[in-house]
Protein chains: 2
Amino acid sequence: MVEPTRDPPGSGSPAREQPPAALSDRLGYLLGRAHMEHRSVAERALASLHLGVKEYGALSVLVEEGPLSQQRLGARQGVDRTTMVAVVDQLERNRLVARRRNPDDRRAYSLHATPAGRRALEQANQAVEGAEDEFLAGLSAADRRRLKNLLRTLIAP
Amino acid sequence: MVEPTRDPPGSGSPAREQPPAALSDRLGYLLGRAHMEHRSVAERALASLHLGVKEYGALSVLVEEGPLSQQRLGARQGVDRTTMVAVVDQLERNRLVARRRNPDDRRAYSLHATPAGRRALEQANQAVEGAEDEFLAGLSAADRRRLKNLLRTLIAP
DNA sequence: TATTGTTATACTCTATAACTATA
DNA sequence: TATAGTTATAGAGTATAACAATA
């Protein structure tokens, strides 16, 4: 295992070595490496839109399922409400999400994606799909579908 | 995205929700969820052997490729040498790895797996294979091979 | 009394910088 | 001068505890 660390802060990717043979049949190693390498491609693709993966995920859920309270938005992704504060702060600063008050419960927000937020999500989806294409370049279209279906089966409750 | 957070420190798994539809076709989300859920199963399986995933990975590489210096052992996994100190400390405390001096370069260690370390690795491999079986329970043997092969293709240099 | 959002704080993980002993 | 291992420290990320406003 030892899922390798993310790319170094300063530079680009380090000169990666050959995967250790002792680990190359371990599912944890394969999932960790794939996840890390994909994330690095996806982060680059989203950077031009000033979105991190956390913000992208939250915006996606909000556009599809909103309006939502801040706590519900976090719960949909398994993220603590205290962590959501900074994520929504960031989205609000960029005018992609608006914090309205929920008149039925004035403790909670009613978070709405703005029109600019919906447009940004469309662009971000294209960017992320481009990143997936790049990452999956070595697989046929059928294999890409197979991979996603296998993963979906694994994480289905 | 927003690869969900690892299980909470205190409790077991939180009551997970249905995956957000907006993300269920995103490769990053699928890889992140799969990786996290598998890791949680693998950590449980290794806990009875007093091994973490980092220690397991290091021991695996050392048994297969050793003897190695501490820095080389880290480099094989993309891990910084400063991070390896505590990992090898832990393995040495449990008498699974011995730090000998390399007579050709007395700055460096020559790390060796002890006989107990090799025995522990065999047990750990069985435990991790059991964890994989548990995690992959929903897939046929052919699909399990397919999944690993697809992931290997993706991360191959 | 319980809950939403917030802040302050702590904890985990990992890297960078600086030190030592060797080369 | 450079490198292996070590330590101290800093940074990112996320959680817990405590607080104000509201229920």
Side-chain angles (χ1 to χ4, degrees), chain A residues 1-14 32 35-36 39-40 43 52-55 57-58 62 67-93 97-112, chain B residues 1-14 32 35-36 39-40 43 52-55 57-58 62 66-93 97-111:
Chain A
M1 258 59 143
V2 172
E3 287 80 31
T5 58
R6 22 222 138 276
D7 287 352
S11 73
S13 292
H35 181 211
M36 181 195 68
R39 169 133 72 180
S40 137
E43 278 172 348
V53 288
K54 291 200 295 279
E55 288 73 23
L62 194 57
L68 255 48
S69 78
Q70 209 164 285
Q71 185 153 205
R72 281 297 305 148
L73 177 57
R76 290 296 291 129
Q77 302 161 88
V79 171
D80 192 86
R81 65 196 163 125
T82 63
T83 301
M84 292 308 299
V85 177
V87 175
V88 176
D89 280 355
Q90 173 71 20
L91 290 167
E92 190 184 41
R93 258 195 304 276
V97 165
R99 279 172 160 128
R100 305 187 197 158
R101 278 291 162 194
N102 177 353
D104 295 344
D105 183 347
R106 294 175 35 72
R107 295 171 302 183
Y109 290 134
S110 175
L111 298 177
H112 292 255
Chain B
M1 260 60 139
V2 171
E3 286 80 33
T5 58
R6 23 220 137 279
D7 287 352
S11 73
S13 294
H35 181 212
M36 180 196 68
R39 167 134 72 179
S40 137
E43 278 172 349
V53 289
K54 291 200 296 280
E55 288 73 25
L62 193 56
L68 255 48
S69 78
Q70 209 164 285
Q71 186 154 204
R72 281 297 305 147
L73 177 58
R76 291 296 292 127
Q77 303 160 86
V79 171
D80 191 88
R81 65 196 165 129
T82 62
T83 302
M84 291 309 297
V85 176
V87 175
V88 177
D89 280 355
Q90 173 72 20
L91 290 168
E92 191 184 39
R93 255 194 306 275
V97 165
R99 279 171 160 131
R100 306 187 196 156
R101 277 293 162 193
N102 177 353
D104 295 344
D105 182 347
R106 294 174 35 73
R107 296 170 303 182
Y109 290 133
S110 175
L111 298 178

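Note on naming: letters A, B, ... go to the chains in the order of the sequence lines (proteins, then strands), and numbering restarts at 1 for each one.
Atom-to-atom, CD of Glu43(A) to C1' of dG13(D) comes out at 13 Å; the value is rounded to the nearest Å. Atom pair Leu73(B):CG and dA4(D):P shows a separation of 14 Å (rounding to whole Å applied). The interatomic distance linking Met84(B) (CE) with dC13(C) (P) rounds to 15 Å, in whole Å. Taking atom CZ of Arg101(A) as the reference point, atom P of dT3(C) lies 18 Å away to the nearest angstrom. Look at CG on Asp104(A): it is 15 Å from C1' on dT4(C), rounded to the nearest Å. One can place CG of Asp80(A) at 12 Å from P of dT4(C), the figure rounded to the nearest angstrom. The CG-P distance, from Asp89(B) to dT6(D), rounds to 6 Å in whole Å. Rounded to an integer number of Å, the gap from CZ of Arg81(B) to C1' of dC19(C) is 11 Å.
The phosphate of dT22(D) (OP1 or OP2) has a side-chain N or O of Arg106(A) nearer than 4.0 angstrom. A sub-4.0 Å separation between OP1 or OP2 of dA21(D) and a side-chain N or O of Tyr109(A) is absent. Of the side-chain N and O atoms in Gln70(B), none sit less than 4.0 angstrom from OP1 or OP2 of dG5(D). A close approach under 4.0 Å does not occur between any side-chain nitrogen or oxygen of Thr82(A) and OP1 or OP2 of dA15(D).
Within the nucleic acid shown, Asn102(B) has no heavy atom closer than 4.0 Å to any nucleic acid atom. Across all strands shown, Arg72(A) has no heavy atoms under 4.0 Å from either base or sugar-phosphate atoms. At the heavy-atom level, Ser69(B) lies under 4.0 Å from the strands shown only through sugar-phosphate atoms.
What you find for Ala58(B) and Leu91(B) is that their closest heavy atoms are CB-CD1, 4.1 Å. Closest approach of Gly74(B) and Met84(B) over heavy atoms only: CA-CG, 3.5 Å.
Along DNA chain C, the nucleotide nearest Val85(A) and the nucleotide nearest Arg107(A) are compared for position; the residue whose nucleotide lies closer to the 5' end is Arg107(A). Each of Thr83(A) and Asp105(A) has a nearest nucleotide on DNA chain D; the 5'-most of these lies closest to Thr83(A).
Side-chain N or O atoms of Arg99(A) include none that pairs as donor or acceptor with a backbone N or O of His112(A) at under 3.5 Å. A donor-acceptor pair under 3.5 Å is absent between the side-chain atoms of Arg81(A) and the main chain of Arg72(A), judged by distance alone. Arg100(B) places no side-chain N or O within donor-acceptor distance of the main-chain N or O of Ser110(B), the cut-off being under 3.5 Å.
Set against dT6(D), dG5(C), dA15(D), the side chain of Arg99(B) has dT6(D) as its closest nucleotide.
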